[in-house]
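Note: hydrogens, waters and symmetry copies are ignored here, and every other heavy atom, side chains too, is used.
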Amino acid sequence: GAVVSQHPSRVICKSGTSVKIECRSLDFQATTMFWYRQFPKQSLMLMATSNEGSKATYEQGVEKDKFLINHASLTLSTLTVTSAHPEDSSFYICSARGNWNIATKEKLFFGSGTQLSVL
Amino acid sequence: GQQLNQSPQSMFIQEGEDVSMNCTSSSIFNTWLWYKQEPGEGPVLLIALYKAGELTSNGRLTAQFGITRKDSFLNISASIPSDVGIYFCAGVGGSEKLVFGKGTKLTVNP
């Protein structure tokens with residue numbers, strides 16, 4: 001099946017610093033990638049939709065200046081948490097949609113997630 | 001917005017028992033997906049359903065896309081300890097965004 005690689009898997013940073021998370025589709029081209037946030041024992045909450053070559057679309061209540069998304073190529077999207085604060089601590093998960101053949105159409109493949117802890 | 005009601009919220013079963021969980025919605029979905037998530041990991045796709053009425057199996061797992069397109073169920077037969085985890089249903093509607101249920105936490109006692 002399609003593979004989505006997410007790095008780093010865990011990051012601890014000081015309050016006020018910025019953190020970049022990478023999401024790569026390894027064996028398919030993803031024109032659309034999604035970024036989710038998950039709190040403990042909660043479901044996944046969509047933060048933004050990342051489209052290759054254009055601006056990301058953010059969900060209501062998500063600060064676009066806080067969570068910078070760049071989808072510069074068909075295989076890479078990055079999420080940068082700027083000026084991180086303790087309340088930004090969470091599990092961040094990326095996903096990519098494969099449209100390159102009927103076997104992957106409409107399926108959403110997820111990265112392994114990034115646990116961010118802001119001190 | 002579109003919402004999914006997933007039940008049960010949690011299940012505690014004995015090894016070998018069958019499991020059933022479902023998702024319902026007031027909205028119509030074009031695709032239903034079932035995922036399993038283990039602690040500290042991203043969700044892993046188990047089964048994808050594309051047509052109303054579709055019944056699909058993946059090993060001991062079986063899922064169906066409801067005829068009304070507003071519901072789906074997942075069955076696990078003869079559960080084993082490694083089935084433990086949180087199972088999420090997810091639907092794709094007209095907006096093409098994935099909407100997740102709140103998850104079913106499965107515990108299997110050996």
Worksheet entry | Approximate separation, where rounding is to 0.5 Å, of A/Gln115 CD and B/Glu41 CD | 11.5 Å
Practice prompt. Determine whether A/Leu68 and A/Trp35 fall in the same hydrophobic cluster, where Ile, Leu, Val, Met, Phe, Trp and Tyr are linked whenever their side-chain heavy atoms lie under 4.5 Å apart.
Written response: no
Discussion item. If you count heavy atoms of other groups shown closer than 6.0 angstrom to CZ of B/Arg60, is the number above 12?
Written reply: yes
Discussion item. Could you see if A/Met45 belongs to whatever hydrophobic cluster contains A/Phe67? Use Ile, Leu, Val, Met, Phe, Trp, Tyr and a side-chain cutoff under 4.5 Å.
Written reply: no
Worksheet entry | chain A neighbours within residues 101-110 of chain B, where any heavy atom lies under 4.5 Å away | B/Gly101, B/Lys102
Discussion item. Counting only heavy atoms not in A/Glu87 (residues, nucleotides, ligands), do more than 12 fall under 6.0 Å from its CD?
Written reply: yes
Discussion item. When you group the ILVMFWY residues by side-chain heavy-atom contacts below 4.5 Å and let the links chain together, are B/Phe73 and B/Phe65 in the same group?
Written reply: no
Worksheet entry | Straight-line distance of B/Phe88 CZ to A/Gln38 CD, nearest 0.5 Å | 5.0 Å
Item to complete: Following the transitive rule for hydrophobic clusters with a side-chain heavy-atom cut-off under 4.5 Å over Ile, Leu, Val, Met, Phe, Trp and Tyr, establish whether A/Val19 and A/Met47 coincide in one cluster.
Response: yes
Discussion item. Could you check whether any side-chain heavy atom of B/Val44 comes within less than 4.5 Å of a side-chain heavy atom of A/Phe110, counting everything from C-beta outward?
Written reply: no
Response to the item:
Of all heavy-atom pairs linking A/Leu44 and B/Pro43, the shortest is CD2-CG, 3.9 Å
Practice prompt. Decide if atom NZ of A/Lys66 counts as having more than 12 heavy atoms of other residues, nucleotides or ligands within a radius under 6.0 Å.
Written response: yes
Worksheet item: How many angstroms lie between atom CG of B/Leu98 and atom OG of A/Ser95, to the nearest 0.5 angstrom?
Response: 7.0 Å
Worksheet entry | Results of side chain to side chain donor-acceptor pair (under 3.5 Å) for A/Ser15 - residues two or more places apart only | none
Worksheet entry | Joint hydrophobic cluster, A/Tyr36 plus A/Tyr58, side-chain heavy atoms closer than 4.5 Å | no
Item to complete: Kindly indicate, with the supporting measurements, whether the criterion side-chain contact (heavy atoms from CB on, under 4.5 Å) is fulfilled by A/Lys41 and B/Ile86.
Response: CA-CA 9 Å; A/Lys41 300 183 181 180; B/Ile86 301 177; over 6 Å; no
Worksheet item: With only heavy atoms counted, which part of A/Gln60 is less than 4.5 Å from chain B, the side chain, the backbone, both or neither?
Response: neither
Practice prompt. Check whether B/Gln6 gets within reach of chain A through its side chain, its backbone, both or neither, counting any heavy atom under 4.5 Å.
Written response: neither
